[in-house]
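These notes concern the structure reproduced below.
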Amino acid sequence: QVQLVESGGGLVQAGGSLRLSCTVSGRSFSGNAVGWFRQSPGKERDVVAAIRWSGASAMYADSVKGRFYISRDNGENAVHLQMNSLRPDDTASYYCSAGNTLSVLAATTWDYWGQGTQVTVSS
């Protein structure tokens, strides 16, 4: 029922920028948070950034703070991740997820996942 679709990944030189987009659809979705995660081979899937559906608050992993920016498009059910000053260690599969939190954003239960989009940063 709930579907998340990511787009915007690709190959970019170090220091460059990419913008990822995630659209959320399905009447069964009643959560209040959307997040971006990334995973490299042999690594755990870790949160990169997350935002409340209301846009009231956002959080970022320390490794991307000041470089990545998450935003919500109020005109559609979409969330974007603007990635600037990309580094080779940002290379990963990036996933969009949606869920719900009863407290702080970091305590979100992530219920739905997209298929992922590959980001590769060359040096």
Side-chain angles (χ1 to χ4, degrees):
Q1 280 276 262
V2 175
Q3 185 178 19
L4 289 77
V5 179
E6 304 99 330
S7 62
L11 174 65
V12 65
Q13 289 273 349
S17 298
L18 286 173
R19 191 175 86 134
L20 306 183
S21 297
C22 172
T23 58
V24 182
S25 62
R27 288 185 174 273
S28 61
F29 177 65
S30 59
N32 60 10
V34 176
W36 285 97
F37 296 74
R38 67 185 182 187
Q39 185 172 29
S40 300
K43 301 292 193 298
E44 295 287 329
R45 184 178 297 186
D46 293 322
V47 65
V48 176
I51 189 169
R52 289 187 177 272
W53 201 236
S54 66
S57 63
M59 61 171 290
Y60 298 89
D62 288 342
S63 60
V64 307
K65 196 169 298 182
R67 299 189 297 124
F68 291 11
Y69 303 90
I70 190 169
S71 63
R72 167 165 154 73
D73 188 335
N74 290 328
E76 60 184 5
N77 291 331
V79 172
H80 308 281
L81 184 68
Q82 178 67 44
M83 306 187 294
N84 300 318
S85 301
L86 284 162
R87 308 188 298 228
D89 59 1
D90 293 318
T91 295
S93 293
Y94 283 71
Y95 298 85
C96 181
S97 183
N100 190 75
T101 178
L102 299 179
S103 59
V104 296
L105 193 53
T108 300
T109 296
W110 301 106
D111 298 314
Y112 306 101
W113 296 86
Q115 82 287 351
T117 185
Q118 179 67 33
V119 172
T120 302
V121 184
S122 62
S123 59

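Partners of N100 under the side chain to side chain donor-acceptor pair (under 3.5 Å) rule, at least two apart in sequence or in another chain, are N32. The side chain to side chain donor-acceptor pair (under 3.5 Å) check on T120 picks up Q118, with sequence neighbours excluded.
Ring planes of Y60 and Y69: perpendicular class, angle over 60° (limits at 30 and 60°).
Residue I51 is grouped with residue W53 when hydrophobic side chains (ILVMFWY) are merged at heavy-atom distances under 4.5 angstrom, including chains of intermediate members. A continuous path of hydrophobic side-chain contacts links V64 to V79 [ILVMFWY only; heavy atoms under 4.5 Å]. Note on L81 and L86: same hydrophobic cluster, where clusters join Ile, Leu, Val, Met, Phe, Trp and Tyr whose side-chain heavy atoms are under 4.5 Å apart, directly or indirectly.
R67 places a side-chain N or O within 3.5 Å of a backbone atom of S85 that can act as its donor or acceptor partner. Using modelled atom types, no side-chain atom of T117 and backbone atom of Y94 make a donor-acceptor pair closer than 3.5 Å.
At a threshold of 4.5 Å between non-hydrogen side-chain atoms, the residues Y112 and S97 do not count as touching. Inter-residue side-chain proximity for M59 and V48 is flagged as unmet; no heavy-atom pair is nearer than 4.5 Å. In this structure, the side chains of S25 and N77 stay at 4.5 Å or more apart for every pair of heavy atoms.
Listed by first and then second residue, the disulfide bond (SG atoms under 2.5 Å apart) pairs involving residues 49-93 amount to none (not counting sequence neighbours). Within the structure, the disulfide bond (SG atoms under 2.5 Å apart) test picks out no pair touching residues 30-64 (sequence neighbours left out). Residue pairs that meet the salt bridge (Lys or Arg N to Asp or Glu O under 4.0 Å) test with at least one member in residues 37-57, sequence neighbours left out, are R38-D90.
Between Q115 atom CD and S93 atom OG the span is 10.5 Å, to the nearest 0.5 Å. To the nearest 0.5 Å, atom CG of residue D111 and atom CG of residue L4 are 10.5 Å apart. Atom CZ in F68 sits 7.5 Å away from atom OG in S63 (nearest 0.5 Å). If you take CZ on R87 and OG on S122, they are separated by 15.0 Å, rounding to the nearest 0.5 Å.
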Next item on the list: Apply side-chain contact (heavy atoms from CB on, under 4.5 Å) to C96 and W113, showing your working.
Entry: CA-CA 6 Å; C96 181; W113 296 86; over 6 Å; no
Next item on the list: Using the side-chain contact (heavy atoms from CB on, under 4.5 Å) rule, take V104 and T101 through it: C-alpha gap first, then chi angles, then the decisive distance, then the call.
Entry: CA-CA 7 Å; V104 296; T101 178; 5.5 Å; no
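Taking the six-membered ring for Trp and the full ring otherwise, the centers of F37 and W110 sit less than 6.0 Å from each other.
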Distance-only criterion, 3.5 Å: show the donor-acceptor pairs between side-chain atoms of residues 9-24 and protein atoms not counting sequence neighbours.
residue: S17; atom: OG; partner: N84; partner atom: OD1; Å: 2.9
residue: S21; atom: OG; partner: H80; partner atom: ND1; Å: 2.9

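Nearest heavy-atom pair, Y95 versus E6, reported as atom, atom and distance to 0.1 Å: CA-OE2, 3.3 Å. The minimum heavy-atom distance between L105 and S57, with the atom names listed, is CD2-O, 4.0 Å.
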